[in-house]
Amino acid sequence: MKVIHLSLGIVAAVGLSAACSKTESAQAKGREAPARAVATDAVRQEEAKRSVEVVGTLAAEDQVTIASQAEGAVSRVLVDLGGHVKSGQPLIELDREKLEYNLQNQKAALARALAKYGATEPGHLPATGDTPDVKKADAELRQAKQAFDRAEELNKRQLIPRQALDDADTTLRAKQAAYESALQNARNLSADIDASNAMLQLADRQLRDATIRAPFDGYVQKRLVSLGEFVKSQTPVMELVRVDSLKAIGEIPEKMAPWVQVGQPVELSVDAFPTRKIAGKVSRISPAVNTPTRAFTFEATVPNGEGLLKPGTFARVHLTTALVEPVLTIPYAAMQYRYGVYRAFVVTGDHLMIHELKTGDRVEDRMEILDGLKLGDRVALTDVDNLSDGMKVTTGGRGGDPKAGAGKPGDAKPAPAKAADDKKTE
């Protein structure tokens, strides 16, 4: 048994010696490998205009359910689902026969009232004192007044008895009452004309309401009645939507709200047109925060003259704020992606040192670095995917001064922290 143990120990020692020999050989080979020439660039400080990426919903500026304002059976359906309509265009017509009879009746009532008053048009009525009945009563009143004056003068001269004077006074009072009654009757007739004219206008409106029209230019979203169906007042008959201009509704994070104002431009993209950038403008911002989400609701007006965008679809909204901050950046090409982490190789002397990065927004062809590098560090740019930690290098082309080339406000463009096409596997 002792001999066996000794043999095993010798075998293990030989194996260990061989492994050490291979490691030392590999290290020696690494030391002997020629230095790789790489171009470098410096970590720069630039100014970036902050942006917000939100997912919003496209909604119609105007969307309405049209209800009937008259009663009757549907006699004609003039447009249907998806149809384009102009403002004032007839959509549905109801049976008009009964409404026409009512209109004729009101016209006759108005004509009768005008005849009693002695006028021809409701808008040009003579004064109440100029009506025939009032003129007649006024003439009789003047005659009675003259008769009373003569009787009073003759009575003073004792040429007629007192009874004649009393009779003249009674006649005068009767004519005065008749005149006042004629005036009141004229006022009543004038009021009747106004009432008849109002009823005529109402009957005319009810007849016009039998034709249901579009309130604005748009498209039929839904038809709610069928031919022959009897509808009552306030019955919904059709839904219309305006799509020539939509609004994108989303939420701005609370911390970015002070840097977003009405009138700022936005850029949208939708799944139906992934490569198309759609311009819009912030039109409204809620004055109060949405407590559950800690965000402010906003609306952006989006022109849609071609009608390609549809209400209810999702949209990714890119909103450039007024917030400008200094940031550290490196070229986007200087980053290596491994296992969900971005890395960069900093040139230290004649060797590379790998640094894991925490990235922010993309600034044109550069990436904002939140953590992992410091201002002035030089990072390798050449064949980054094949570089490794500790590799011996010689530097070739170099970038400019770390603070040079600061981005102008508004140059910042957001990008996700990782790109699918950059992903590599070792």
Side-chain angles (χ1 to χ4, degrees), residues 66-73 75 88 90 92-213 215 230-235:
I66 302 174
S68 173
Q69 299 186 42
E71 291 188 356
S75 60
I92 290 177
E93 287 186 359
L94 305 180
D95 181 36
R96 301 163 58 92
E97 185 176 358
K98 292 182 180 179
L99 298 174
E100 288 175 348
Y101 293 156
N102 183 44
L103 179 62
Q104 293 172 8
N105 182 43
Q106 295 303 326
K107 286 181 178 179
L110 177 61
R112 184 168 55 251
L114 288 171
K116 289 182 179 179
Y117 193 85
T120 57
E121 296 181 8
H124 300 85
L125 298 181
T128 53
D130 295 335
T131 60
D133 291 344
V134 174
K135 285 182 177 180
K136 177 182 177 181
D138 181 59
E140 292 177 351
L141 176 60
R142 291 174 184 274
Q143 184 180 13
K145 183 69 169 62
Q146 292 173 357
F148 174 77
D149 291 341
R150 287 195 298 270
E152 186 177 32
E153 183 63 25
L154 293 174
N155 180 258
K156 288 180 180 178
R157 299 177 183 181
Q158 297 183 350
L159 297 177
I160 59 173
R162 179 69 183 180
Q163 181 63 40
L165 178 61
D166 292 341
D167 291 343
D169 180 62
T170 301
T171 302
L172 177 61
R173 292 175 182 276
K175 296 301 180 181
Q176 180 68 38
Y179 174 74
E180 294 176 354
S181 177
L183 279 177
Q184 183 61 46
N185 186 49
R187 296 189 187 99
N188 293 339
L189 288 175
S190 178
D192 289 343
I193 291 172
D194 291 340
S196 296
N197 188 43
M199 293 300 293
L200 175 62
Q201 293 177 354
L202 178 61
D204 181 65
R205 174 58 189 270
Q206 289 175 338
L207 180 61
R208 287 185 285 115
D209 286 344
T211 301
I212 302 172
R213 301 177 181 273
F230 185 85
V231 298
K232 295 184 177 180
S233 179
Q234 305 306 316
T235 300

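The analysis underlying the following values was restricted to heavy atoms, covering all of them including side chains, and did not include hydrogens, waters or symmetry mates. None of these values were measured; they are calculated from a predicted model.
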Pairs meeting criterion salt bridge (charged side-chain N to carboxylate O under 4.0 Å, His left out) with involvement of residues 196-205, two or more places apart: Asp204-Arg208, Arg205-Asp209
Salt bridge (charged side-chain N to carboxylate O under 4.0 Å, His left out) partners of Glu71, counting only residues at least two apart: none
Candidate pair Leu94 and Thr211, rule side chain to side chain contact (heavy atoms under 4.5 Å, CB included), full reasoning: CA-CA 6 Å; Leu94 305 180; Thr211 301; over 6 Å; no
Side chain to side chain donor-acceptor pair (under 3.5 Å) partner of Asp138, the single match among Lys136, Arg142, Lys135: Arg142
Backbone of Asp167 reached by a side-chain donor or acceptor of Thr171 within 3.5 Å: yes
Results of salt bridge (charged side-chain N to carboxylate O under 4.0 Å, His left out) for Glu100 - residues two or more places apart only: Arg96
Least distance between heavy atoms, Leu103 atom then Ala203 atom: CA-CB, 3.8 Å
Gln143 atom CD, neighbour heavy-atom count above 12 within 6.0 Å: no
Pairs touching residues 108-118 that satisfy side chain to side chain donor-acceptor pair (under 3.5 Å), sequence neighbours left out: none
Leu200 side, atom CG; Lys107 side, atom NZ - distance, nearest 0.5 Å: 6.5 Å
Inter-residue atom distance Leu165.CG - Leu154.CG, 0.5 Å rounding: 9.5 Å
Verdict with supporting geometry, Tyr179 and Leu183, side chain to side chain contact (heavy atoms under 4.5 Å, CB included): CA-CA 6 Å; Tyr179 174 74; Leu183 279 177; 3.4 Å; yes
Over all atoms of both residues, closest heavy-atom pair of Ala168 and Ala147: CB-O, 4.2 Å
side-chain contact (heavy atoms from CB on, under 4.5 Å) partners of Glu180, counting only residues at least two apart: Gln176
Residues forming a side-chain contact (heavy atoms from CB on, under 4.5 Å) with Leu99, sequence neighbours excluded: Gln206, Leu207, Ala210
Leu114 CG to Asp192 CG distance, which is reported to the nearest 0.5 Å: 10.5 Å
Heavy-atom neighbours of Phe230 CZ exceed 12 at 6.0 Å: yes
Spacing of OG belonging to Ser68 relative to CD1 belonging to Ile212, to within rounding of 0.5 Å: 4.0 Å
Electrostatic pair Glu152-Lys156, nearest N-O below 4.0 angstrom: no
Distance, nearest 0.5 Å, that separates CG of Leu110 from CG of Asp194: 9.5 Å
Non-hydrogen atoms of Ala151 and Ala164 that approach each other most closely: CB-O, 4.4 Å
Asn155 CG to Glu153 CD distance, which is reported to the nearest 0.5 Å: 10.0 Å
Thr170 side-chain N/O to Asp166 backbone N/O, donor-acceptor pair under 3.5 Å: yes
